[in-house]
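Predicted, not measured: the structure shown is a model, and the values here were computed from it. Proteins come first, then strands; the chains are lettered A, B, ... in the order of their sequence lines, and each starts at number 1. Scope of the values below: all heavy atoms of this structure, side chains included, with no hydrogens, waters or symmetry mates.
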Amino acid sequence: MMMVVAFAGCGVALVLALVRAAKGPTPFDRLLAVNAIGTLVILGIALHGFIMGRPEFVDISILYAVINFIGTFAILKLFSTGGLGDRGGKARVTRETDEG
Amino acid sequence: MEMLLSWLSGISLLLGTAALIVGALGLVRLPNLFSRIHAVGMMDTAGVAFITLGMLIHEGFSLISVRLAVVGVFLFFTSPIATHAVAQVAHRSGFSPVTPVKEPRRAQKAAKNATAKKSAKKAANKAASGAPVEKAVTKKAVAKKALTDTAAGKKTVGKKTAGKMRAT
């Protein structure tokens, strides 16, 4: 019973986080909201497994946790350096790299 | 024993749900990027820890509960790291956690009172001009008071402009 209540609470919190992700004025607000949505989805998958009587879904939530962490850091690296590690951290092709 | 465990699990799940909803409300309602980070920290630690604990108590000791504990420990360590990284990159790219300083409400009230007093004194002066007996004395007093009032007004005005400059 309490599992269903917690699942519904996860849904409400997810909708609120979606609101912030939609109207966040800065990209960091959106990134924060997306990170929170990822955490809520992890909890929701585990709770859903327990409600439906198939707790093996916890494996999928482990996978989601790892992907969420790595994805947040990838987007942050893209924000801060302008690249993901290729081209030596430069997203824009400069004239030097074109010629050389 | 069974009863106690189910009660503990239910209470823990409820606490976790409350933390999640409070954190999400803070994420929507708070005014600043860094205060929103504070709200998300609430969700990521208390919410995740309590809900995972509730599911652990419900499940008992098995392979599933070990996996749940792995999920809980992983989230407990990684989500503060991710939040910290967000704050660090935001700070480096020019966002400041310090909000612009507003004029304190007391000073605003004082300025309002000063202007109100001035207008009241002008009215009183007009009324007093009808009675020439105490004219000289009241005039002097009113002039003095008006002088101090204008000085105070100037002071508050100066403070106001300073606050605005700081805000911009």
Side-chain angles (χ1 to χ4, degrees), chain A residues 1-21 23-29 31-33 35-40 42-47 49-50 54-59 61-66 68-73 75-81, chain B residues 6-7 9-30 32-34 36-37 39-40 43-44 47-48 50-52 54-55 58-59 62-68 70-72 74-75 77-79 81-83 85-93 95:
Chain A
M1 185 57 209
M2 280 302 148
M3 294 273 181
V4 180
V5 173
F7 193 61
C10 270
V12 172
L14 204 148
V15 169
L16 289 175
L18 263 180
V19 168
R20 176 49 70 195
K23 75 174 189 181
T26 67
F28 298 106
D29 283 314
L31 184 58
L32 205 65
N35 198 5
I37 288 171
T39 308
L40 287 170
I42 291 161
L43 285 179
I45 288 172
L47 281 170
F50 272 98
R54 294 182 63 186
E56 297 86 11
F57 275 93
V58 175
D59 294 343
S61 61
I62 293 177
L63 196 68
Y64 263 67
V66 177
N68 191 21
F69 182 60
I70 295 174
T72 303
F73 268 81
I75 296 173
L76 275 176
K77 187 169 182 185
L78 188 65
F79 282 168
S80 63
T81 66
Chain B
S6 77
W7 270 96
S9 148
I11 288 171
S12 172
L13 280 172
L14 268 187
L15 275 176
T17 311
L20 280 186
I21 289 180
V22 167
L25 274 178
L27 186 63
V28 174
R29 291 284 300 164
L30 286 177
N32 200 358
L33 170 64
F34 291 89
R36 282 174 205 143
I37 287 176
V40 168
M43 273 168 85
D44 278 346
V48 169
F50 273 120
I51 286 187
T52 315
M55 286 193 282
H58 177 84
E59 175 63 25
S62 68
L63 193 60
I64 301 293
S65 67
V66 173
R67 287 174 191 161
L68 258 179
V70 168
V71 171
F74 189 81
L75 279 180
F77 281 110
T78 55
S79 53
I81 294 172
T83 314
V86 171
Q88 200 180 21
V89 174
H91 188 66
R92 268 191 206 155
S93 59
F95 290 95

Exercise for review: Can you see which heavy atom on A:Ala36 is nearest to which on B:Met43, and at what distance?
Suggested key: CB-CE, 4.0 Å
Check your understanding: Between B:Ser93 and chain A, which part of the residue has a heavy atom less than 4.5 Å away: side chain, backbone, both or neither?
Key -> side chain
Revision key, fill the gap. Max heavy-atom pairs within cutoff under 4.5 Å with chain B, candidates A:Val15, A:Leu31, A:Thr26, A:Val19, goes to A:Thr26
Review point. For the candidates A:Val5, A:Asn68, A:Val12, A:Val66, which exhibits the highest count of non-hydrogen atom pairs separated by less than 4.5 Å from chain B?
Key: A:Val66
Exercise for review: Give a yes or no on this: more than 12 heavy atoms of other residues, nucleotides or ligands lie within 6.0 Å of atom CZ of B:Phe50.
Suggested key: no
Review point. side-chain contact (heavy atoms from CB on, under 4.5 Å) between B:Ile37 and A:Phe28: does it pass, once the steps are laid out?
Key: CA-CA 10 Å; B:Ile37 287 176; A:Phe28 298 106; over 6 Å; no
Review point. Chain A heavy atoms under 4.5 Å from B:Arg67: which part of the residue, side chain, backbone, both or neither?
Key: both
Point to revise | Proximal component of B:Leu68, with respect to chain A [non-hydrogen, under 4.5 Å] | key: both
**Study point:** chain A contact via B:Leu25 - side chain, backbone, both or neither, heavy atoms under 4.5 Å
**Key:** both
Check your understanding: With sequence neighbours left out, what residues match A:Met3 under side chain to side chain contact (heavy atoms under 4.5 Å, CB included)?
Key -> A:Leu47, A:Phe50, A:Ile51, B:Leu13, B:Met55, B:His58
Study note, to complete from the structure: Turns out that what part of A:Phe73 lies under 4.5 Å from chain B's heavy atoms comes down to side chain
Review point. Which atoms form the tightest heavy-atom contact between B:Ala82 and A:Leu76, and what is the distance?
Key: O-CD1, 4.3 Å
Exercise for review: Check whether B:Leu33 gets within reach of chain A through its side chain, its backbone, both or neither, counting any heavy atom under 4.5 Å.
Suggested key: both
Revision key, fill the gap. B:Leu75 and A:Ala65 have their tightest heavy-atom pair at CD2-CB, 4.3 Å
Point to revise | Proximity breakdown for B:Leu30 and chain A, heavy-atom pairs closer than 4.5 Å | key: backbone
Point to revise | Options A:Ile42, A:Asp59, A:Thr39, ranked by heavy-atom pairs under 4.5 Å with chain B, top entry | key: A:Asp59
Practice item. Could you tell me which portion of B:Val40 (side chain, backbone, both or neither) has an atom closer than 4.5 angstrom to a non-hydrogen atom of chain A? Key: side chain
Point to revise | Rounded distance [0.5 Å steps], CZ in A:Phe7 versus OG1 in B:Thr17 | key: 12.0 Å
Study note, to complete from the structure: Answer key: most heavy-atom pairs under 4.5 Å with chain B among A:Ile62, A:Asn35, A:Thr72 is A:Ile62
Practice item. Could you walk me through whether B:Leu27 and A:Leu16 pass side-chain contact (heavy atoms from CB on, under 4.5 Å), step by step? Key: CA-CA 8 Å; B:Leu27 186 63; A:Leu16 289 175; over 6 Å; no
Check your understanding: For B:Ile81, is it the side chain, the backbone, both or neither that has a heavy atom under 4.5 Å from a heavy atom of chain A?
Key -> both
**Study point:** Max heavy-atom pair count under 4.5 Å with chain B, selected residue of A:Glu56, A:Met2, A:Arg20, A:Lys23
**Key:** A:Arg20
Point to revise | Part of A:Leu40 lying under 4.5 Å from any heavy atom of chain B | key: side chain
**Study point:** Side chain / backbone / both / neither for A:Pro25 at chain B, heavy atoms under 4.5 Å
**Key:** side chain
